[in-house]
Amino acid sequence: MNKTAIITGGGRGIGWAISRRLAKEGYNAAILGSSDQACYGETIKELGQYGIKYKYYKCDIANHGSREETVLGIVEDFGAVHVLVNNAGVAPQKRMDLLEMTEESYDRVMGINTKGMLFFTQAVVRQMRRQEPVGQKRGTIINISSCSAEVVSRTRGEYCISKAGISMITKLFAERLAGEGIFVHEVRPGIISTNMTSAVKDKYDKMIQEGRFPIARWGKPEDVANAVSVLVGDEFLYTTGNYIDVDGGYHLKTL
Ligand SMILES: NC(=O)c1ccc[n+]([C@@H]2O[C@H](COP(=O)([O-])OP(=O)(O)OC[C@H]3O[C@@H](n4cnc5c(N)ncnc54)[C@H](OP(=O)(O)O)[C@@H]3O)[C@@H](O)[C@H]2O)c1
């Protein structure tokens, strides 16, 4: 029997690389996004080549009703959930200095990146706990936060706060669920070439040229997918609540 993975924001960018990678490894894929089916319906047909079951669900992660309905639908369609990758996320629509940041932008970013992700996880965990373990695992949850969980960006404070929140959510769920065979990890990407970073491409190109990243290149969505793939496997059964930086070494402090 194939295991089933939910990938939020799984239809494009980093999420799509994760969906493809897990499908290739034989996971059924429940792919979520807030856009209509028409946006991703054609793209995700590519997963058919791996002989797995896949389906796209329109789900606004910030909306309680949408989250609950989607989890019920996934369980009805796939029978069980073994992996949850919390990847959906947004940047502020407009970068503004911390002293100008608006409550509207704060609520939007936190509502999707942190609150939505937290309560979606809660709904999925309720399902995972009802399932029998497979080997030593009942489930794996991977939270895609960011180097912004640590790094200060004064023109997108709400994003940094939302990602720092994900780090604590990771630790909370890891501790709460360790005794139940559910493993929880965090992946912190650096600058990854996707739609999210396209608007600030020049800024980051320049930083790379200036040698600000020890590994001097853009990250690829596949770099993040590779880390997720390792963490969802059975190699780390005495490890939970950890994070891994996928940032070209950007987190390293130098003197
Ligand atoms: N790119 C980077 O450099 C970078 C660095 C660090 C961390 N990250 C994090 O990695 C994750 C993926 O980023 P990305 O670069 O791949 O971004 P992206 O290309 O903009 O994709 C974002 C994904 O999130 C989904 N999403 C947005 N709002 C949603 C909502 N309300 N409900 C459900 N899904 C929603 C989008 O789907 P719809 O458009 O259909 O809603 C899309 O699939 C994000 O959490 C981001 O913060 C990215």
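The basis for the numbers below is simple: all heavy atoms, side chains too, and nothing from hydrogens, waters or symmetry mates. Note that ligands are numbered from 1 as they come in the structure, with each ligand's atoms numbered from 1 the same way. Here the structure is a predicted model, which means the values were calculated and not measured.
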Can you report which non-hydrogen protein atom sits closest to [atom], along with the distance?
atom	value
atom 32 (N) of ligand 1	I61 N, 3.0 Å
atom 25 (C) of ligand 1	G9 CA, 3.7 Å
atom 40 (O) of ligand 1	S35 OG, 2.5 Å
atom 8 (N) of ligand 1	Y159 OH, 3.6 Å
atom 41 (O) of ligand 1	S34 OG, 2.4 Å
atom 35 (C) of ligand 1	A88 CB, 3.7 Å
atom 7 (C) of ligand 1	S145 O, 3.1 Å

Report yes if some heavy atom in the side chain of [X] is under 4.5 Å from a heavy atom in the side chain of [Y]; otherwise report no.
X	Y	result
R188	E150	yes
Y54	S19	no
I31	Y40	no
L22	K3	no
I191	M207	no
F213	D247	no
F120	L84	yes
E25	S229	yes

Run the numbers for me: atoms of ligand 1, each under 4.0 Å from some heavy atom of [X], listed by number.
X	value
D60	30 (C), 31 (N), 32 (N)
S146	6 (C), 7 (C)
T197	1 (N), 2 (C), 3 (O)
C59	32 (N), 33 (C)
G89	22 (C), 24 (O), 27 (C), 44 (C), 45 (O)
I144	10 (O)
V90	27 (C), 28 (N)

Which segment of P221 sits under 4.0 Å of ligand 1 when only heavy atoms are counted: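 Answer for P221: neither.
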
Is it the side chain, the backbone, both or neither of I112 that has a heavy atom closer than 4.0 Å to ligand 1?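 Within the 4.0 Å criterion, I112 contacts ligand 1 through side-chain atoms alone.
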
T43-R12 side chain donor-acceptor pair, cut-off 3.5 Å: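 No, no side-chain donor-acceptor pair sits under 3.5 Å.
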
Geometry only, no angles: is [X] polar-contacting ligand 1 at N/O separations under 3.5 Å?
X	answer
I14	yes
R12	yes
C147	no
I192	yes
I191	no
Y40	yes

So which of I7, D36, T194 gets nearest to atom 1 (N) of ligand 1, if we judge by its closest heavy atom?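 Nearest heavy atom to atom 1 (N) of ligand 1 lies in T194.
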
Here's a test for you: under side chain to side chain contact (heavy atoms under 4.5 Å, CB included), which of I44, L47, I7 qualifies with R20?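 Considering I44, L47, I7, a side chain to side chain contact (heavy atoms under 4.5 Å, CB included) with R20 is found only for L47.
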
Mind checking whether [X] has a heavy atom under 4.0 Å from ligand 1?
X	answer
K163	yes
G190	yes
N87	yes

Joint hydrophobic cluster, V224 plus V230, side-chain heavy atoms closer than 4.5 Å: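 Per the 4.5 Å side-chain linkage, V224 and V230 are co-clustered.
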
Charged tip of K137 within 45° of F183 ring normal and under 6.0 Å: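 So K137 does make the cation-pi contact.
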
Regarding E158 and R108, does a basic nitrogen lie under 4.0 Å from an acidic carboxylate oxygen?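 R108 and E158: not salt-bridged.
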
Gap separating the OG1 atom of T121 from the CG atom of N143, nearest 0.5 angstrom: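 These two atoms lie 5.5 Å from each other.
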
Would you say Q93 has more than 12 foreign heavy atoms packed within less than 6.0 Å of its CD?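 For Q93, atom CD is not crowded (no more than 12 foreign heavy atoms under 6.0 Å).
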
